[in-house]
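To start, the structure itself, in structure tokens.
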Number of protein chains: 2
Amino acid sequence: MSSPRKISDSTVRRLSSYLRTLDSLRARGHDTVSSVHLAAAGGLTPAQVRKDLSFFGSFGVRGRGYDVHVLRGEIARILGLDRKWSTVVVGAGRLGSALASYPRFSRQGFRIVALFDNDSERLGTRIGDAEILPATELESYVRQHEVSFGILTTPASAAQETADRLVAGGIRGILNFTPTVPEVPETVHLRNVNLTIELEGLSFAIREAEIREGPQEGESD
Amino acid sequence: MSSPRKISDSTVRRLSSYLRTLDSLRARGHDTVSSVHLAAAGGLTPAQVRKDLSFFGSFGVRGRGYDVHVLRGEIARILGLDRKWSTVVVGAGRLGSALASYPRFSRQGFRIVALFDNDSERLGTRIGDAEILPATELESYVRQHEVSFGILTTPASAAQETADRLVAGGIRGILNFTPTVPEVPETVHLRNVNLTIELEGLSFAIREAEIREGPQEGESD
DNA sequence: ACTTGTGAACTGTTTCACAGCA
DNA sequence: TGCTGTGAAACAGTTCACAAGT
């Protein structure tokens, strides 16, 4: 009766990964796929795949597996990819411009409709289909064009103010690339991506490995 | 006696966040900080902060808190940020170029020493301190300059081959921005960043909220 | 009095193992 | 027979609560 309730972030991330695997299977002409195969492609276990999908329904056929096309459609729907999401990028520096023209965003229905920046040098330039507009117009643009998502790539110092303007305009979600975490009302979904953390994770892992293998003075025991 | 063993990814990510908080405290002239304050800045609980740190040692003083400068140094050391890590970017498109000039990487000791690309139009251009070199030289460059990390921003179709070249050159870690997951030996640390997944997480969250709040026909209960 | 460091309790996630169905 | 869907078991991560140190 009731719809899925508390789905973990890990499950949602894995759904995205299944979607990509299904895309690739579809491109190669496969019609059905088992949880074993779906798991192998993403380095997961079959039970994990079945459990993840079971939160949302019964999409497979016992003894047979999943229909690639059907499952792809179901996951796309679950992830909300069956619609177009208008998206703006705030901060038209190198990272913002790169993200604005990132082809995989538009392919999944995230349509970059405009960029915003304070630097008057940059105004009017087009990035893909989108134009760079003055940041002062952010709130009214978001409201008038019913923009769903804002991608934040401003300097850290402007992050909170920019988030406030997005929220004032009625934004639904913010993907934040700045190293600060802006305060937003809980009706607005916030997701933080910190590229430095990813590299720090690598350097930590290497340092750990060195400690473990470590003191290679003389022989090991 | 023995060093920390299995540290969870979440703990490592939080350490990175503590580091940024400490940087900001230091800049504002604070000398000591309690787990309560350190937690509040990152939206965590004090117990979490103390537990995370306890995996690595006892850095605080009971009744008093942590010395901002000392703790910052300890965390930087734990994360391996007390050294310089030579890093190359493979794929000098918009995203690769943006990452190569991302100021926060160099600030944490990740020094971008070169970019690599197949497109001869791009060769020789400088991005920050680094030059764009032909991808054919990747393996020998990595070996000769003892490069630690490779950031992968090639098209998906070139990801595995590029990862192979990095591995052959003796790379220690790969930060992969392509939507495929390349196979690497387990001595090489791999971290995948998928920007589309982050936006999909947002659209999922909004769709979920709609289902919950959902049928706003009539009154709610 | 105050705040850390940590075992113990709790909560959440993953894996197991098998009943149910094609 | 083969593979899904799912409770139950195992494991991992978080929070609690308090002894210990200054």
Side-chain angles (χ1 to χ4, degrees), chain A residues 1-18 21-22 25 30-72 74-75 78 201 204 208, chain B residues 1-18 21-22 25 30-72 74-75 78 201 204 208:
Chain A
M1 189 82 33
S2 79
S3 295
R5 283 301 70 120
K6 200 63 194 96
I7 303 297
S8 79
D9 188 61
S10 344
T11 293
V12 179
R13 289 177 173 270
R14 284 192 298 266
L15 289 179
S16 296
S17 134
Y18 305 150
T21 304
L22 290 165
L25 287 168
H30 291 249
D31 286 333
T32 58
V33 62
S34 70
S35 60
V36 174
H37 190 220
L38 211 41
L44 305 162
T45 67
Q48 181 98 80
V49 173
R50 298 200 299 274
K51 184 65 101 181
D52 284 339
L53 296 175
S54 78
F55 293 134
F56 302 97
S58 297
F59 306 124
V61 181
R62 287 164 201 242
R64 193 169 277 282
Y66 301 89
D67 180 283
V68 168
H69 194 80
V70 169
L71 187 58
R72 199 214 165 275
E74 291 289 350
I75 294 180
I78 290 164
F204 173 82
E208 278 285 288
Chain B
M1 186 80 34
S2 80
S3 295
R5 283 304 69 122
K6 201 59 193 101
I7 303 297
S8 79
D9 189 59
S10 345
T11 293
V12 179
R13 289 177 173 271
R14 284 192 298 265
L15 289 179
S16 295
S17 135
Y18 305 151
T21 304
L22 289 165
L25 287 168
H30 291 248
D31 285 334
T32 57
V33 63
S34 70
S35 59
V36 174
H37 190 218
L38 211 41
L44 305 163
T45 68
Q48 181 97 80
V49 173
R50 298 200 299 274
K51 184 66 101 179
D52 284 339
L53 297 174
S54 77
F55 293 134
F56 302 97
S58 297
F59 307 124
V61 181
R62 288 166 200 243
R64 192 167 279 282
Y66 302 90
D67 180 285
V68 169
H69 194 80
V70 168
L71 187 58
R72 197 210 166 277
E74 291 289 350
I75 294 180
I78 291 165
F204 173 82
E208 279 284 288

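Keep in mind that what you see is a predicted model, and the values were worked out from it rather than measured. Letters A, B, ... mirror the listed sequences (proteins, then strands); counts begin at 1. Reckoned from all heavy atoms, side chains included, excluding hydrogens, waters and symmetry mates.
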Locate the shortest heavy-atom distance separating D52(B) from R14(B); write the atom from each residue and the value. OD2-NE, 2.6 Å
Tell me whether the OP1 or OP2 atom of dT3(C) has a side-chain N or O from S35(B) closer than 4.0 Å. no
Quick one, give me the B/S/- string for nucleotides 14-22 of chain D, reading 5' to 3', where B means a protein heavy atom under 4.0 Å from the base and S means that only happens at the primed atoms, P, OP1 or OP2. SBBB-BBBS
OP1 or OP2 of dA22(C) sitting under 4.0 Å from any side-chain N/O of Y66(A)? no
d(CD, E74(B); P, dG5(C)) in whole Å: 11 Å
Protein-nucleotide distance (H37(A), atom NE2; dG2(D), atom P), rounded to Å: 18 Å
Output the rounded distance in Å from OH (Y18(A)) to C1' (dT4(D)). 14 Å
Do F59(B) and V70(B) have side chains that get closer than 4.5 Å, going by heavy atoms? no
Whole-Å gap separating P (dT13(C)) and CG (D9(A)): 10 Å
Donor-acceptor pairs under 3.5 Å, side chain of residues 30-39 of chain B to any protein atom, not counting sequence neighbours: which ones?
unit_1	atom_1	unit_2	atom_2	d
S34(B)	OG	V36(B)	N	3.4
S34(B)	OG	H37(B)	N	3.3
S35(B)	OG	R50(B)	NH1	3.1

Rounded to the nearest Å, what distance is computed from the CG atom of residue L38(B) to the P atom of nucleotide dG5(C)? 12 Å
note: I7(A), atom CD1; dT14(C), atom C1'; distance rounded to Å ~ 15 Å
Determine which pairs satisfy side-chain hydrogen bond (donor to acceptor under 3.5 Å, both in side chains) with at least one residue from residues 60-69 of chain B, sequence neighbours left out, and list them in order. none
Separation of Y18(A) OH from L25(A) CG (nearest 0.5 Å): 13.5 Å
Do L53(B) and L71(B) come close enough that some side-chain heavy atom pair is under 4.5 Å? yes
